[in-house]
Structure formats: structure tokens, C-alpha cells
Amino acid sequence: MKKEILDYLNNNRSKHLDDLFDFLRIPSISADSSCSGHIEEAAQFLKKEIEGLGFQTEIIRTSGNPLVYAQTTIDPSKKTLLFYGHYDVQPVDPLELWKSEPFNPVLEGTTIYARGASDDKGQLYSHLKAIEAWVKTGNEIPVNIKLIFEGEEECGGHAVYEFTENNAEKLACDAVIVSDTSLYNAQTPAICYSLRGMSYMEIKLTGPSKDLHSGSYGGAVQNPANALCEIIAGLKDSRGHILIPGFYDDVVILEDDERKSFASLNYTDADLNRETGAVSPFGESGYTTLERMWARPTCDVNGMISGYTGEGAKTIIPATASAKISMRLVPHQNPEKISEAFTAWVKKICPSGVSIEVINHHGANPVMVERDGAMLTAGSLAMEAGFGKKPVFIREGGSIPIVGTFKSELNAPVLLLGYGLPDDNIHSPNEKYELENYYNGIICTATLLKTASEV
Ligand code: BES
Ligand code: MN
Ligand code: MN
């Protein structure tokens, strides 16, 4: 990497941190409709930043949140990289557990705390700062660049899928670059080659037309909260095996070489405890922790609502009970098929005496991307330049819904170069991003612009 580019990055560390803080101050929570003004603000922030790089930039209006799209003037003799990221963030509750305000970023020691610091504003922003370093030092970028940033990754929106499906030519590229995952650990950079998919469901049970006195009517009618527990208990057995008929039909069996490669990472119970605070690992028998997190499907309650939850005791039979349930999917499970199987099973095992409604909120395809090829070599060299070591190959348990669509529609390799850490508290209170990862991520992307042009 050119010394003047590295020098530029070195000399601008504090400015680049201030700029990121400005981005982090925007409360762009896509799940919260009262934040729609801030979604717009975040999109405009990016547009302005990208225009400062001299790129043609547009805000694309969609049926959902706006997309920010930009590209350099295309020189057909050069390769083209498409960078993707999301400017929306997760809600902040429970707010009382934050040690600082989620949208008032702070630097404590060498750690940035703010909602979105790691997922995904900090990572996305590394790309812009890397490009800035090439532009501001007057160096011609050796690849064509396209940028697409969306604002509804965290809430199951469709805008970016629709746009990709309808604009495959506009987005045509030699590789898609996504930084929305993590290093394997603080010492070990990683390239991710598989993400789980998702089927997100909600069950709503209705019993009596109002909350009833549990003495007067207890024993006479079905209790929706009890019925909901029966349904949930019918989703999995005590060995962690999911009981929905057909659920495992399309699951790709883990091969020995992949199991060996997971095992070589030496992930321990202590690692899991440090990252999560959970007293011990738990889950489907017959699989290691990494296998269960990366390559096995799940069925988990995300939230339940029913009856009296205030102070003291109130004696009622609740009128309603509901639960939000997500299933993480692995290749080649299909979210629509799984949602249908879930709905049919839940309706079948629903006890009598309540009416049931099952809602399919959103889905995402599981995805497996290339593990070798020229662009992977370029990515690997860039990771090494940024983080000082050759990356290991990992899978991730989380989902990035658009990745499957990029793979199928754009016919280009997708590089999942993650700059976060597994313990960055993404989606939790006190989300963080290590300063070094921010700066090293920028060096990684800046290097990638060169390595991708040479492979
Ligand atoms: N960046 C995450 C995905 C992720 C999480 C990758 C952990 C690697 C490790 C992404 O922003 C995310 O949270 N996705 C959602 C998608 C869902 C709403 C369809 C997820 O996984 O819950
Ligand atoms: Mn993300
Ligand atoms: Mn997320």
C-alpha cells in the first residue's frame, strides 16, 4: 500500500473518529416509525459524505426507506467493486442498561460506545474513509466503485431486494464487498463464507373476550397463556431437536472437513461464557457450540406478551397471549417453506378453547458464498494488511438478507470482510466498536482497492 495513503490515514485518525461520531449521533432506528426523520437524515448524511468524494450520488426513493447509491465514472478496463452496508440500527431498549447514551457516542480508553458503532455504521463508514484516502491524496483508484447503502436491514424491509432484482445491470460488478460481520476474535481476522437465513413468526392466541377473574372463571375456560406455553413446548424436544414436521428436510449435513475446520478454531466454553455471560453452553445434542451457532437451524422465542406483569399479584385469566419466534435457517432451507411448516404445525398442536392467528413477519435465505478464487485472494491480502495476520475462514450465525440476492442476481463473488468483534454487543445495550478495528478496517478496504485490481 502506498505510503502516502497510509500517512493520510494516520494523520486523519482523530478527524475520521469525529466524522464517525457525527454519523453515530443520528438515531436511525428502522423498527421505530417515530425515527423516520432520522432515517432520512442518515441517508442525507451519507449522500453528502459520498459527494465529497466526487462520486455521482443519488437517494433512491422506494416503498420503504431510501437507498443511497453512488458510483465512480466507469472505466471498462478496470474491475468493479460493489460495496454494501446498512445505515439503519437496532432499537436501544432496555435503555436503563446503557452506561452512556446510545446516540451520544463516547470513547472510553480505546473503545467507541454507541448504537450502530459496530452494526453497521462503523463498518460501512470504513469503506468511505478508505476511498477518501485515495481521493484526497490524489491517487487514481485502480478499480471502479459502486456503493449501495440501505436503511431497513434490521427490520426485514424489501427495498434493497426489489432494487437489486430490477437493476442487476446497474449493479453489475466483479465482487460485492460487505463489512457487517466480525473478526473471529480480537487476535484473528476472518473471512466469512456462510450466513444463516431467517423465518420470523408471531403467534397470537385469543381466549375470553376480556381478562377474567381467575377465581370466578378459573377452571371453566382455556387460559391463552397456558395454551401458548403448550405450543412453545411442542416446538422442540428436550435434546434440542425441532419437532416441526419437515423442518430438517433440506438441511445440508455438515461434512467432516468442515467440522474439522471449525474444530481447529478451538472455540471453548470459556469463550462463549466471556462473550455472552451464559453459565454453560446449551443446545442440540451431537453438535459442538460452533456447529450449532453456524451450521444448524434454530427455533427461539424472542418475546412473549400475556396477562399481568405489573407489581404484586393480580388474579386474572388473560384474554390474549402472543409470542414472537424466530427460526435461523441453514443451506438449503427455504424461508417460505419453513414458515408454512411452522404455521401448519402450530395450528395442529394448538390446544382447544382459544383462537389462533399465525403471522409471517419476514424471512431471509441462508447463504453460502465462495471460499476461493481471485477475489478471495484479494480480500485475504487486504485483511492481512489491515489486521496483521492471514484471515481464517468462518461462518456466522446471523443473517444479512440481501447477500443471497446479490449472489443469485449479480453473479459475482461476495466477500464478507467483517471488522467487528463477536463481543461488540450488537443488538444489545452498550454496543461498542474497538478503535483499532475501525482504523484497521479502513486500511483493509484501502488495500482491497489495490489488491482487487491486481488479481
Ligand atoms: N450484522 C448483522 C448480521 C450478523 C450478526 C452477522 C452477527 C454476523 C454476526 C445484521 O445487521 C443483522 O442483525 N441481521 C438481522 C437480520 C434479520 C432482521 C433478518 C439478524 O441477523 O437478526
Ligand atoms: Mn448489520
Ligand atoms: Mn444487526
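Every number for a ligand or one of its atoms is a count from 1 in the order of the listing. All residue numbers in this chain count up from 1 along the given sequence.
- No close placement of the Tyr267 and Phe262 rings is indicated, their centers lying 6.0 Å or farther apart.
- Among the backbone and side-chain atoms of Asp180, an N/O/S atom is found under 2.8 Å from the Mn ion (ligand 2).
- Looking at Arg196, Arg328, Glu154, it is Arg328 that brings a heavy atom closest to atom 20 (C) of ligand 1.
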Item to complete: Determine, stepwise, if the pair Arg25 / Asp22 fulfils salt bridge (charged side-chain N to carboxylate O under 4.0 Å, His left out).
Response: CA-CA 5 Å; Arg25 272 187 205 103; Asp22 288 341; 2.7 Å; yes
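- Atom 17 (C) of ligand 1 has Met198 CE, 3.9 Å as its closest protein atom, hydrogens excluded (heavy atom only).
- Distance CG/Asn334 to OG/Ser199: 9.5 Å, rounded to 0.5 Å.
- For atom 9 (C) of ligand 1, the nearest protein heavy atom (residue, atom name, distance) is Glu396 OE1, 3.2 Å.
- Near His86, with a cut-off below 4.0 Å to any heavy atom, the atoms of ligand 1 are 11 (O).
- For Ser399, heavy-atom contacts with ligand 1 shorter than 4.0 Å involve the backbone as well as the side chain.
- Between Cys350 and Leu205, the shortest heavy-atom contact is SG-CD2, 4.1 Å.
- The Mn ion (ligand 2) lies at 2.8 Å or more from every N, O or S atom belonging to Glu154.
- If you check which protein heavy atom lies closest to atom 7 (C) of ligand 1, you get Ile426 CD1, 3.8 Å.
- Applying the salt bridge (charged side-chain N to carboxylate O under 4.0 Å, His left out) test between Glu291 and each of Arg296, Arg259, Lys260 identifies Arg259 as the sole match.
- The shortest heavy-atom distance from Asp120 to ligand 1 is not under 4.0 Å.
- Here the protein heavy atom with the shortest distance to atom 11 (O) of ligand 1 is Glu153 OE1, 2.7 Å.
- Atom CG of Leu421 sits about 8.0 Å away from atom CG of Asn185, to the nearest 0.5 Å.
- Looking at Asp119 and the Mn ion (ligand 3) together, the shortest N, O or S contact belongs to OD2.
- Aromatic ring centres of Tyr248 and His241 lie closer together than 6.0 Å.
- Taking only nitrogen or oxygen atoms, main chain and side chain alike, Asp180 reaches within less than 3.5 Å of ligand 1.
- At least one N/O/S atom of His427, whether from backbone or side chain, sits less than 2.8 Å from the Mn ion (ligand 3).
- Below 3.5 Å of separation, one finds no N or O of His362 facing any N or O of ligand 1.
- Phe23 and Phe45 have their aromatic ring centers within a separation under 6.0 angstrom.
- Among Glu434, Lys432, Glu436, the single residue meeting the side-chain hydrogen bond (donor to acceptor under 3.5 Å, both in side chains) criterion with Thr111 is Glu434.
- No part of Gln90 comes within 4.0 Å of ligand 1, judged by heavy-atom distances.
- At a 4.0 Å cut-off, at least one heavy atom of Pro401 sits close enough to ligand 1 to count as contact.
- Comment: Glu409 does not engage Lys170 in a salt bridge, judged by the lack of any side-chain N to carboxylate O separation of less than 4.0 angstrom.
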